[in-house]
A.B. asks: 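One structure, pasted below without further comment.
Any value given below was found using the heavy atoms of this structure, including those in side chains, with hydrogens, waters and symmetry copies removed.
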Amino acid sequence: MYWSAAPTATGVDIPVACNGTDEDGISRDFFGRLVAGGSFEMHDPMRNIRTHDFNFKDIENDPAPVDAIRSASSTFGTHSAAVSAHLNASRVLDFCKSVLMRDSLDDKGMEIVSFVNCTVPAEEPPPVWHNAAWWKQRMWYGQTPAGPKKLQSFARHLDIIAHELAHGLTEFTADLVYLKQPGALNESFSDIFGIIIRNWDWANPTTGGDVSNWTWEIGPGLQAGGLPLRDFSNPQRTGDPDHMNQYFKGSADHYGVHTNSNIHNKAAHNVFTAADAQQKYLFTPREVAVLYYLTLSRLSQLATFADALQTLLSVASTYFAGNPQRQDRIDGIRKAYAAVGIT
């Protein structure tokens with residue numbers, strides 16, 4: 001038996017080093033793929049990521065493009081929205097693999113397909129669509145005006161991408177029902193991972209960095225008046241509740257899933273920033289990320305805020321079983337949730 005020295009593979013599964021300018025005008029390196037005819041496409045075979053251009057058509061009624069975005073060279077010079085989407089999706093998957101030890105969203109290496117330049121005429125006139133969404137197990141990115149004859153893609157926001165892809169993570173774990181408290185937890189877990197991935201310090205992967213330097217906004221500047229969509233550290237800044245005594249009981253938005261999620265967000269913020277008697281943080285960002293991931297993986301579809309707390313405590317009790325600060329950490333979690341009225 002022998003192996004030929006002559007190359008025989010087609011090369012379709014070998015990544016090609018590519019680059020392009022993202023939505024923030026920054027040159028980025030990423031992996032693509034070589035296709036027939038010598039052109040290049042936004043298809044990372046290592047991470048199993050493909051990025052397509054919907055070309056401002058209607059995602060609800062027009063057929064999706066079959067081929068990923070292509071370029072005659074390895075430099076994708078006119079696809080800034082796609083560069084942002086492709087790169088940020090890879091950041092989320094890298095986090096899943098290196099921190100959560102999870103193989104893509106389904107833990108089976110599923111392909112992540114993104115579409116940029118999407119519109120939904122039934123919601124607002126093209127070419128604008130103020131949204132990014134995880135829908136039909138795909139990522140869809142709209143865009144907002146950013147000056148005369150200029151649009152800016154939602155794909156530029158790593159926290160938004162991480163939030164939406166985390167809905168996929170939830171879909172393949174707890175699959176929380178999108179209604180009332182389970183729905184609010186669905187949104188909150190997406191916010192939690194959005195915040196973590198946006199602030200993650202890849203230079204300090206053992207801990208994930210120092211939360212004292214973190215930005216706690218989700219979607220900065222995306223609301224009127226320059227406000228973020230949500231603020232982990234101060235939900236009332238955006239008119240949202242930060243305690244169970246302010247719980248929204250109306251029927252709008254699936255009984256307030258985006259509103260009441262802020263109560264659990266504030267509890268999570270309290271966990272991130274919990275300190276011991278010497279004012280040292282009880283948890284590293286990596287520990288919090290793993291604790292919440294293990295919690296999400298163990299929740300039922302109809303889990304409540306109280307269920308999330310009890311599951312988090314159970315996970316932490318085992319996770320820190322050999323740690324001398326075990327009780328301090330468990331007490332820290334209890335206090336973090338009690339401060340927002342969750343017991």
Side-chain angles (χ1 to χ4, degrees), residues 60 92 105-106 120 123 130-140 142 154 157 159-197 216-219 222-223 228-232 234-271 288-289 291-313 315 336-337 340-343:
E60 293 185 326
V92 174
L105 302 182
D106 66 347
V120 181
E123 294 182 7
H130 290 77
N131 205 358
W134 171 257
W135 178 57
K136 295 183 176 181
Q137 297 186 356
R138 299 286 188 267
M139 277 302 305
W140 313 80
F154 273 84
H157 300 286
D159 56 337
I160 298 295
I161 293 180
H163 170 104
E164 294 300 335
L165 286 173
H167 279 307
L169 182 64
T170 296
E171 179 181 340
F172 288 106
T173 52
D175 196 20
L176 291 158
V177 172
Y178 204 69
L179 193 73
K180 299 183 179 179
Q181 282 195 28
L185 281 174
N186 195 317
E187 284 295 330
S188 181
F189 274 98
S190 276
D191 277 352
I192 289 168
F193 288 112
I195 282 288
I196 293 172
I197 293 171
W216 297 102
E217 296 179 337
I218 291 286
L222 292 182
Q223 276 207 76
L229 297 177
R230 288 174 293 284
D231 187 331
F232 250 60
N234 182 18
Q236 291 192 346
R237 180 180 168 216
T238 53
D240 292 307
D242 61 3
H243 194 279
M244 287 299 290
N245 60 18
Q246 302 155 11
Y247 187 89
F248 174 74
K249 297 180 180 178
S251 61
D253 189 28
H254 304 276
Y255 291 85
V257 296
H258 287 93
T259 300
N260 292 323
S261 63
N262 288 275
I263 300 172
H264 191 262
N265 284 357
K266 180 62 176 177
H269 175 266
N270 293 342
V271 172
V288 178
L291 289 175
Y292 274 113
Y293 167 63
L294 294 175
T295 296
L296 179 63
S297 302
R298 286 157 175 78
L299 293 178
S300 71
Q301 286 184 290
L302 297 175
T304 64
F305 291 170
D307 294 331
L309 168 59
Q310 293 308 314
T311 304
L312 179 59
L313 289 170
V315 167
Y337 275 73
V340 302
I342 302 173
T343 57

A.B. asks: Is any side-chain heavy atom of Glu164 closer than 4.5 Å to a side-chain heavy atom of His157?
C.D. replies: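 Side-chain contact under 4.5 Å: no.
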A.B. asks: Any idea which heavy atoms bring Ser261 and Arg230 closest together, and the distance?
C.D. replies: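 It is OG-CD, 4.2 Å.
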A.B. asks: Let's go through Val340 and Met244 carefully: what are the C-alpha distance in whole Å and the side-chain angles of both, what is the deciding distance for side-chain contact (heavy atoms from CB on, under 4.5 Å) to 0.1 Å, and is it a yes or a no?
C.D. replies: CA-CA 6 Å; Val340 302; Met244 287 299 290; 5.6 Å; no
A.B. asks: Apply side-chain contact (heavy atoms from CB on, under 4.5 Å) to Phe232 and Lys266, showing your working.
C.D. replies: CA-CA 6 Å; Phe232 250 60; Lys266 180 62 176 177; over 6 Å; no
A.B. asks: Are the side chain of Asp159 and the backbone N or O of Ile195 linked by a donor-acceptor pair below 3.5 Å?
C.D. replies: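 Judged by distance alone, no pair lies under 3.5 Å.
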A.B. asks: Atom OH in Tyr293, atom CD1 in Ile196: separation rounded to 0.5 Å?
C.D. replies: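 Atom-to-atom, Tyr293:OH and Ile196:CD1 are 13.0 Å apart.
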A.B. asks: Using modelled atom types and a 3.5 Å cut-off, is there a donor and acceptor pairing between side-chain atoms of Gln301 and backbone atoms of Leu176?
C.D. replies: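 It does not hold such a pair.
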A.B. asks: Do Leu105 and Leu165 pass the side-chain contact (heavy atoms from CB on, under 4.5 Å) test, and can you show the C-alpha distance, the side-chain angles, and the key distance before you say yes or no?
C.D. replies: CA-CA 8 Å; Leu105 302 182; Leu165 286 173; 4.0 Å; yes
A.B. asks: If I compare all heavy atoms of Val315 with all of Leu294, which pair ends up nearest, and what's the gap?
C.D. replies: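 The answer is CG1-CB, 3.8 Å.
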A.B. asks: Would you compute the distance between atom CZ of Phe248 and atom OH of Tyr255 and round it to the nearest 0.5 angstrom?
C.D. replies: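 If we round to the nearest 0.5 Å, Phe248:CZ and Tyr255:OH are 10.0 Å apart.
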A.B. asks: Kindly compute the distance separating OG1 (Thr295) from CG (Asp307), expressed to the nearest 0.5 Å.
C.D. replies: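 If we round to the nearest 0.5 Å, Thr295:OG1 and Asp307:CG are 11.5 Å apart.
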A.B. asks: Ignoring hydrogens, what is the shortest heavy-atom contact between Ile263 and Ile342? Give both atom names and the distance.
C.D. replies: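 Taking every non-hydrogen atom into account, CG2-CD1, 4.2 Å.
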A.B. asks: Pairs of donor and acceptor atoms involving the side chains of residues 178-185, under 3.5 Å and at least two apart or interchain, shall be tabulated with distances.
C.D. replies:
| unit_1 | atom_1 | unit_2 | atom_2 | d |
| --- | --- | --- | --- | --- |
| Tyr178 | OH | Glu187 | OE2 | 2.5 |
| Gln181 | OE1 | Phe305 | N | 2.8 |

A.B. asks: From His254 NE2 over to Asn260 CG, what is the distance, rounded to the nearest 0.5 angstrom?
C.D. replies: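 Rounded to the nearest 0.5 Å, the NE2-CG separation comes out at 13.5 Å.
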A.B. asks: Is the backbone of Trp140 close enough, under 3.5 Å, to the side chain of Trp135 for a donor and an acceptor to pair up by distance?
C.D. replies: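 Answer holds: no.
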A.B. asks: Quick one: closest heavy-atom pair of Asn265 and Ser188, and the distance?
C.D. replies: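 Distance-wise, the nearest heavy atoms are OD1-OG, 2.7 Å.
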A.B. asks: Might you point out which heavy atoms bring Pro241 and Asn262 nearest each other, and give the distance in Å?
C.D. replies: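 Shortest heavy-atom contact: O-CB, 3.4 Å.
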A.B. asks: Provide the closest heavy-atom pair for Tyr292 versus Ala268 in the form atom of the first, atom of the second, distance.
C.D. replies: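 Tyr292 and Ala268 have their closest heavy atoms at OH-CA, 3.4 Å.
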A.B. asks: Evaluate the side-chain proximity of Ile161 to Val92: yes if any heavy-atom separation is below 4.5 Å, no if none is.
C.D. replies: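 They are in contact (side-chain heavy atoms under 4.5 Å apart), so the answer is yes.
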A.B. asks: Nearest 0.5 Å, please: how far is CG in Asp242 from NE2 in His269?
C.D. replies: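 Rounded to the nearest 0.5 Å, the NE2-CG separation comes to 11.5 Å.
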A.B. asks: Ring centroid separation for His264 and Tyr337, is it under 6.0 angstrom?
C.D. replies: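 Ring-ring flag for His264/Tyr337: true, centres closer than 6.0 Å.
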A.B. asks: Please round to the nearest 0.5 Å and tell me the distance separating atom CG of Leu296 and atom OG1 of Thr170.
C.D. replies: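 These two atoms lie 4.5 Å from each other.
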A.B. asks: Below 4.5 Å, heavy atoms only, C-beta onward: do Gln137 and Glu171 meet side chain to side chain?
C.D. replies: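 The answer is yes, as the side chains (C-beta and beyond) meet within the 4.5 Å cut-off.
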